[in-house]
Amino acid sequence: MPNRSRRREWLRRLDRIAADLNILLVMFAIGLATLDLTFLVTQQVIDRLPQMTRVVYLDPPAASTRLP
């Protein structure tokens, strides 16, 4: 009889640990889904933005050769 009660208590503890772990895994899944959705939305926003004007110097800026 003591073996059955020990086994039942061990299974109860294991079930409690698994339930806590399930909550943690669900929170990670929600966080990753939110991150993925945010990434997809930002990619759509970036694709719709106009191209930025490229700045090109015709003459490179003169480097100062004098030492202070």
Side-chain angles (χ1 to χ4, degrees):
M1 285 297 186
N3 270 347
R4 280 190 172 181
S5 64
R6 282 185 181 178
R7 183 179 292 167
R8 283 184 183 170
E9 180 158 347
W10 187 80
L11 287 175
R12 270 192 224 125
R13 287 182 182 181
L14 188 62
D15 187 47
R16 218 177 294 145
I17 290 170
D20 290 342
L21 187 60
N22 264 348
I23 293 171
L24 180 67
L25 291 175
V26 166
M27 295 307 291
F28 274 125
I30 290 171
L32 289 174
T34 304
L35 184 64
D36 190 37
L37 180 65
T38 303
F39 178 75
L40 289 173
V41 168
T42 55
Q43 287 300 312
Q44 293 295 324
V45 169
I46 287 174
D47 288 342
R48 292 176 188 237
L49 288 176
Q51 293 288 329
M52 291 196 55
T53 306
R54 189 172 180 181
V55 177
V56 178
Y57 292 109
L58 294 177
D59 294 327
S64 177
T65 56
R66 295 184 311 177
L67 294 175

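In this text the structure is predicted, and so the values were computed from the model without any measurement. Just so you know, these numbers use all the heavy atoms, side chains as well, and skip hydrogens, waters and symmetry mates.
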Q: With clusters built from Ile, Leu, Val, Met, Phe, Trp and Tyr whose side-chain heavy atoms come within less than 4.5 Å, directly or transitively, what are the remaining members of the cluster of W10, listed by chain and number?
A: L11, L14
Q: Does I46 sit in a hydrophobic cluster with other residues, and if so which ones, taking ILVMFWY side chains as linked at heavy-atom separations under 4.5 Å, directly or through other members?
A: none
Q: Could you pull out all residues at least two apart from R13 that satisfy salt bridge (Lys or Arg N to Asp or Glu O under 4.0 Å)?
A: E9
Q: If you look only at distance, which donor and acceptor atoms sit under 3.5 Å apart when one is on a side chain in residues 18-45 and the other is two or more places apart or in another chain?
A:
| from | atom 1 | to | atom 2 | distance (Å) |
| --- | --- | --- | --- | --- |
| T34 | OG1 | I30 | O | 2.8 |
| T38 | OG1 | T34 | O | 2.8 |
| T42 | OG1 | T38 | O | 3.1 |
| T42 | OG1 | F39 | O | 2.8 |

